[in-house]
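Notes to accompany the following structure.
Bear in mind the structure is a predicted one, so any value in this text is a computation, not a measurement. Chain A is the first sequence line, chain B the second, and so forth, proteins listed ahead of strands; every chain is numbered from 1.
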2 protein chains.
Amino acid sequence: MATIKTPARASALHFERPLVTVDVVIFTVIEQQLKVLLVHRPETASDPFPGSLALPGGFIDVAVDASLHDCALRKLGEKTGLEAPYLEQLGSWGSATRDPRGWSATHVYFALVPAPEDTDATASATSQWLEVGTALRTHLAFDHSEILAGAVERLRAKVEYTSLPAFLLPEPFTLPQLQRTYEVVLGRPMDKSAFRKRMLDAQFLAEEGAIAGDAGRSAMGYRIRDRERAAVFPRTFRSVEGPSLASS
Amino acid sequence: MATIKTPARASALHFERPLVTVDVVIFTVIEQQLKVLLVHRPETASDPFPGSLALPGGFIDVAVDASLHDCALRKLGEKTGLEAPYLEQLGSWGSATRDPRGWSATHVYFALVPAPEDTDATASATSQWLEVGTALRTHLAFDHSEILAGAVERLRAKVEYTSLPAFLLPEPFTLPQLQRTYEVVLGRPMDKSAFRKRMLDAQFLAEEGAIAGDAGRSAMGYRIRDRERAAVFPRTFRSVEGPSLASS
DNA sequence: CAAATAGTGTCTTTAAGACACTATGCC
DNA sequence: GGCATAGTGTCTTAAAGACACTATTTG
């Protein structure tokens with residue numbers, strides 16, 4: 001960093017700084033649909049994209065936010081009241097033209113949260129849960145449509161080989177519920193037997209007593225063993241694992 | 001973005017802006033070792049971390065760089081003279097404390113380049129290729145050690161299921177050369193037969209005449225079909241492919 | 001022909017997919 | 001018992017791994 005060539009301004013840092021924001025793509029599943037939380041931008045004409053739908057986010061507050069991650073957590077908490085969701089950095093988007101107010105860069109996170117008990121509490125006058133397909137067909141403020149497309153692509157890609165959908169469910173949940181969540185996110189049906197073998201072999205679930213459904217047999221409830229990280233299913237070029245230790 | 005609550009500063013943008021930089025982790029393979037390009041920071045006492053090793057990078061020039069990606073390409077060109085390498089965004093690191101000059105955020109890219117013809121042309125008084133293991137054990141400026149660790153982790157993870165190592169070789173290359181590159185990056189030997197089946201089945205290589213080696217039988221040379229993207233090898237939850245079209 | 005390296009064939013193993021089957025709870 | 005849903009078993013298939021074999025080039 002900071003290879004400044006003009007001696008006059010060396011380490012003076014007097015050049016123009018871009019605007020810096022953090023945006024969060026918050027996913028959940030409500031009524032068997034993958035949804036994303038969007039906010040209405042203020043109608044004030046002095047703000048860019050007045051009234052448009054946008055991802056929740058905003059400027060970094062250098063006095064409040066210790067880090068980018070903390071800033072994303074703060075914004076997530078402000079919108080959903082949730083404290084410890086699955087939160088992962090998606091990437092950053094920055095250019096001279098994405099914000100009419102000047103050169104700007106945004107750091108984007110994506111979060112997976114269980115469906116809120118009361119949908120209306122999170123969906124208010126200024127924010128709402130939109131079905132992802134609908135959201136993708138909507139013109140969002142700034143380059144947020146492109147960012148949302150990137151987030152959906154990343155989510156779908158990772159769902160193919162990780163336990164991410166488990167973070168979209170309230171605990172405890174059953175394997176059939178988890179399977180339906182996978183199917184909703186990926187948009188295709190999955191085989192029950194293969195699905196169960198895979199989930200149980202991956203060792204990321206802890207049993208938690210039976211749960212009765214609306215009809216039929218009741219099912220085993222599960223919790224996520226480690227909410228800090230998602231499980232990764234076996235893939236190509238077997239990465240030399242084997243049982244941690246052989247006896248003696 | 002920009003949900004500003006204090007009416008007084010609404011869209012005034014008068015709050016403090018963080019420093020914004022772009023850093024690039026440039027990998028190559030030289031003499032059967034995975035290397036990363038590092039630069040010496042200036043000895044000027046007014047600069048942070050004088051004399052330390054650091055990742056190449058620097059402040060965004062809002063007058064010159066159209067986007068983050070362009071900025072990364074510019075910095076890569078300045079250091080290596082290369083124009084069209086494999087370049088992918090790694091993520092961003094930002095906090096109040098990572099730079100003594102103030103709240104700063106850096107956008108990090110990682111690049112894969114073929115070994116330079118003349119190593120000394122890129123390794124100069126201010127920059128040098130360091131073996132990755134050595135670099136990881138070195139204290140780098142800022143949080144660059146952490147960033148480098150993240151880049152190596154991402155590279156190794158993706159090498160398990162993509163054709164990324166092909167971008168570390170000058171074209172045309174042979175399958176045995178490619179296999180050695182995989183082995184160098186992953187630090188473990190691979191089976192020849194399985195390796196070749198996989199590479200050829202993935203359809204990302206184009207034949208380009210035989211190449212004679214130092215000894216023994218000569219081998220088929222290959223080029224990357226599409227330098228814009230890496231091939232992804234088959235993974236879990238078979239993503240419904242099948243041959244593009246059945247006859248008739 | 002020997003040494004060295006490139007390339008192939010065959011069998012095993014792992015995990016996914018298809019699909020039929022059994023088990024349990026509620027009316 | 002009948003329906004609905006949970007959960008299991010068995011066979012097939014795709015692709016990785018082990019490893020022995022053949023092929024081509026140089027000296």
Interatomic distance, B/Leu200 CG vs C/dG7 P [rounded to whole Å]
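Whole-Å distance recorded here is 9 Å.
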Report the distance from atom CE of A/Met199 to atom P of C/dG17, rounded to the nearest whole Å.
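Taking CE of A/Met199 and P of C/dG17, I get 11 Å after rounding.
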Under the side chain to side chain contact (heavy atoms under 4.5 Å, CB included) test, which residues partner B/Glu153, sequence neighbours left out?
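With neighbours one apart ignored, the set is empty.
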For B/Met220, which contact category applies under a 4.0 Å heavy-atom criterion: base, sugar-phosphate, or nothing?
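Answer is sugar-phosphate: B/Met220 comes under 4.0 Å of backbone atoms only.
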Could A/Asp201 and A/Arg198 be called an ion pair, given the rule that one side-chain N must be under 4.0 Å from one carboxylate O?
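Between A/Arg198 and A/Asp201 there is no salt bridge, as every charged N stays at least 4.0 Å from the carboxylate O atoms.
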Between protein and nucleotides 20-27 of chain D, map the contacts as a letter string: B base, S sugar-phosphate only, - none, heavy atoms under 4.0 Å, written 5' to 3'.
---BBB--
Do any pairs count as a ring-ring contact (aromatic ring centres under 6.0 Å, His included) and have a residue in residues 197-227 of chain B, sequence neighbours left out, and if so which ones?
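Checked against ring-ring contact (aromatic ring centres under 6.0 Å, His included) - neighbours excluded - no pair reaches residues 197-227 of chain B.
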Quick one: list whatever passes ring-ring contact (aromatic ring centres under 6.0 Å, His included) with B/Phe173, sequence neighbours left out.
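Once residues adjacent in sequence are excluded, B/Phe173 has no partner under the ring-ring contact (aromatic ring centres under 6.0 Å, His included) criterion.
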Between A/His69 and A/Gln89, do the side chains contain a donor N or O and an acceptor N or O under 3.5 Å apart?
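The criterion, which ignores hydrogens and geometry beyond distance, is not satisfied for A/His69 and A/Gln89.
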Report yes or no: do B/His107 and A/Ser92 form a side-chain donor-acceptor pair below 3.5 Å?
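Side-chain D/A pair, B/His107 to A/Ser92: present.
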Distance-only donor-acceptor pairs under 3.5 Å for side chains of residues 162-172 of chain B, two or more places apart:
unit_1	atom_1	unit_2	atom_2	d
B/Thr162	OG1	B/Lys158	O	2.6
B/Thr162	OG1	B/Leu164	N	3.4
B/Ser163	OG	B/Ala231	N	2.8
B/Glu171	OE1	B/Arg223	NH1	3.4
B/Glu171	OE1	B/Arg227	NH1	3.3
B/Glu171	OE2	B/Ile224	N	2.6

Once pairs are restricted to Watson-Crick or G-U wobble with both distances under 3.5 Å, how does DNA chain C read as a dot-bracket string, [ ] for crossings and | for other-strand pairs?
|||||||||||||||||||||||||||
Centroid-centroid distance, B/Tyr182 to B/Phe195, less than 6.0 Å:
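Yes, the ring of B/Tyr182 comes within the 6.0 Å limit of the ring of B/Phe195, centre to centre.
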Which residue, A/Arg196 or B/Lys197, contacts DNA chain D at a nucleotide closer to its 5' end, judged by nearest heavy atom?
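Checking each residue's closest nucleotide, the 5'-ward one belongs to A/Arg196.
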